[in-house]
Amino acid sequence: MTAALTIAIDGPAASGKGTLARRLAERFDLAYLDTGSLYRAVGRDVLAAGLDPADAEAAAACARRLDPESLGDPRLRDEDVASTSSVVAAHPPVRAALLDFQRDFAAHPPGGKRGAVLDGRDIGTVVCPAAPLKLYITASDETRAERRFKELSARGESQSFAAVLADLQTRDARDSARAAAPLKPAEDAVTIDTSDLDAATVFSQVVELVEAKLRDLA
């Protein structure tokens, strides 16, 4: 079950989906959930406990104990946490532990909102397959790596462009090949390649799609 307006946004890292999702939530007064933060929080907790990210049951235990209040932790943006999140996200028990949280958020948006925007890897395919509007936001590997490289440099984190590109490609391969909820567009998703588009242009295009969907739902 989804709310009257659920916008499901999927795509690989650094494609621009997070920026788009936040702006849409603000523009249309919708609740927003970065579902990747759930997996990053699990990755953070696995690392903090000195556990092996490849241990599915240990990671799932962390997922079941996850404190939603910790999702604003700035450490969730650290590269080691991001890389670990891709490992733990491949475990079916971890995904199962977090699935109900995501679906409940979409069905019952907090704050009395009229709907929700969720972004991640499997929102349109698994979490909210009945969402009225599904988007798949992507970009070339090099474009995404350049965006991530600039983001890391702005935070004072030193990594070469080649290392950032290799990390993104490794995560893409892992996310796309996993048996549980692989990264892929929903069959009825609108795909937007942001390689040669700025954030304002993408936002304008999607606002038109949302307004059209709102007219359909009225």
Side-chain angles (χ1 to χ4, degrees), residues 2 5-28 30-41 43 71-72 76-77 79 81-83 85-86 89 95 98 101-103 105-106 109 115-129 131-152 154 164-165 167-176 178 181-211 213:
T2 57
L5 178 61
T6 299
I7 302 175
I9 305 179
D10 292 307
S15 60
K17 66 182 185 296
T19 298
L20 173 63
R22 286 188 293 272
R23 292 189 66 185
L24 289 174
E26 181 178 357
R27 169 68 173 77
F28 292 100
L30 305 172
Y32 168 59
L33 177 63
D34 168 12
T35 66
S37 67
L38 301 175
Y39 295 96
R40 287 191 293 272
L71 297 180
L76 298 188
R77 296 296 171 184
E79 276 301 288
V81 170
S83 295
S85 72
S86 183
R95 305 198 74 83
L98 299 177
F101 179 92
Q102 297 171 76
R103 284 181 170 167
F105 186 96
V117 183
L118 290 82
D119 78 75
R121 301 288 197 279
D122 63 342
I123 308 305
T125 55
V126 175
V127 178
C128 298
L133 180 59
K134 302 172 190 173
L135 305 170
Y136 189 81
I137 308 301
T138 189
S140 70
D141 292 357
E142 291 73 16
T143 297
R144 294 186 297 115
E146 182 65 26
R147 292 170 180 169
R148 180 54 55 84
F149 178 74
K150 290 180 178 178
E151 177 186 334
L152 293 173
V164 173
L165 176 60
D167 180 63
L168 280 178
Q169 291 174 331
T170 298
R171 291 169 59 188
D172 287 350
R174 186 186 297 128
D175 291 345
S176 299
R178 68 190 179 211
L183 168 65
K184 63 179 181 179
E187 291 185 1
D188 54 346
V190 177
T191 297
I192 300 176
D193 188 324
T194 67
S195 299
D196 298 315
L197 302 175
D198 60 26
T201 300
V202 175
F203 180 65
S204 178
Q205 289 182 3
V206 176
V207 163
E208 292 183 6
L209 294 174
V210 175
E211 290 178 338
K213 185 58 63 176

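All heavy atoms count here, side chains included; hydrogens, waters and symmetry mates do not. Counting from 1, the numbers follow the sequence of the chain as shown.
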May I ask you to test the [X]-[Y] pair for a side-chain heavy-atom distance under 4.5 Å?
X: Phe203; Y: Thr19; value: no
X: Leu135; Y: Leu20; value: yes
X: Leu24; Y: Leu30; value: no
X: Leu209; Y: Val190; value: yes
X: Val126; Y: Arg95; value: no

Given the rule in the side-chain contact (heavy atoms from CB on, under 4.5 Å) test, do Glu26 and Tyr32 qualify, once you have shown the distances and angles that lead to the verdict? CA-CA 9 Å; Glu26 181 178 357; Tyr32 168 59; over 6 Å; no
Could you tell me whether the side chains of Thr125 and Asp122 share a donor-acceptor contact shorter than 3.5 Å? no
Any donor-acceptor pair under 3.5 Å linking the side-chain atoms of Arg40 with those of Ser86? no
So which pairs with a foot in residues 7-18 pass side chain to side chain donor-acceptor pair (under 3.5 Å), sequence neighbours left out? none
For [X], give me all partners under side chain to side chain contact (heavy atoms under 4.5 Å, CB included), at least two apart in sequence or on another chain.
X: Ser176; value: Leu183
X: Glu79; value: Ala82, Arg148, Leu152, Glu157, Gln159, Asp167
X: Phe149; value: Ser153, Phe161, Val164
X: Asp141; value: Arg144, Leu165, Gln169, Asp172

Counterpart residues, side-chain hydrogen bond (donor to acceptor under 3.5 Å, both in side chains), relative to [X] (two or more places apart):
X: Thr191; value: none
X: Arg23; value: none
X: Arg178; value: Asp175
X: Ser204; value: none

For residues 186-197, which residue pairs pass the salt bridge (Lys or Arg N to Asp or Glu O under 4.0 Å) check, not counting sequence neighbours? Lys134-Asp188
So how far is it from [X] [atom1] to [Y] [atom2], rounded to the nearest 0.5 Å?
X: Ile7; Y: Cys128; atom1: CD1; atom2: SG; answer: 11.5 Å
X: Tyr39; Y: Arg121; atom1: OH; atom2: CZ; answer: 10.5 Å
X: Gln205; Y: Thr194; atom1: CD; atom2: OG1; answer: 10.5 Å

For Leu33 and Phe101, what are the C-alpha separation, side-chain angles and deciding distance, and is it a side-chain contact (heavy atoms from CB on, under 4.5 Å)? CA-CA 10 Å; Leu33 177 63; Phe101 179 92; 4.2 Å; yes
Considering all heavy atoms, the nearest [X]-[Y] contact:
X: Pro12; Y: Ile137; answer: CD-O, 3.3 Å
X: Tyr136; Y: Lys184; answer: CE1-C, 3.7 Å
X: Thr6; Y: Ala106; answer: OG1-O, 4.0 Å
X: Ser195; Y: Ala139; answer: OG-CA, 3.3 Å
X: Ala186; Y: Gly124; answer: CB-O, 3.8 Å
X: Arg171; Y: Ala13; answer: NH2-CB, 3.9 Å

Ile9/Leu133 under side-chain contact (heavy atoms from CB on, under 4.5 Å): CA gap, chis, key distance, verdict: CA-CA 9 Å; Ile9 305 179; Leu133 180 59; over 6 Å; no
Go through the steps to decide whether Thr35 and Phe105 satisfy the test side-chain contact (heavy atoms from CB on, under 4.5 Å), and finish with yes or no. CA-CA 10 Å; Thr35 66; Phe105 186 96; over 6 Å; no
Can any side-chain N or O of Ser140 pair as donor or acceptor with the backbone N or O of Thr143 at less than 3.5 Å? yes
Between Arg147 and Glu142, does the salt bridge (charged side-chain N to carboxylate O under 4.0 Å, His left out) criterion hold? Intermediate values first, please. CA-CA 9 Å; Arg147 292 170 180 169; Glu142 291 73 16; over 6 Å; no
Across all chains, not counting sequence neighbours, the salt bridge (charged side-chain N to carboxylate O under 4.0 Å, His left out) partners of Arg174 are none
Taking salt bridge (charged side-chain N to carboxylate O under 4.0 Å, His left out) as the test, write out the residues that go with Arg77, two or more places apart. Asp34
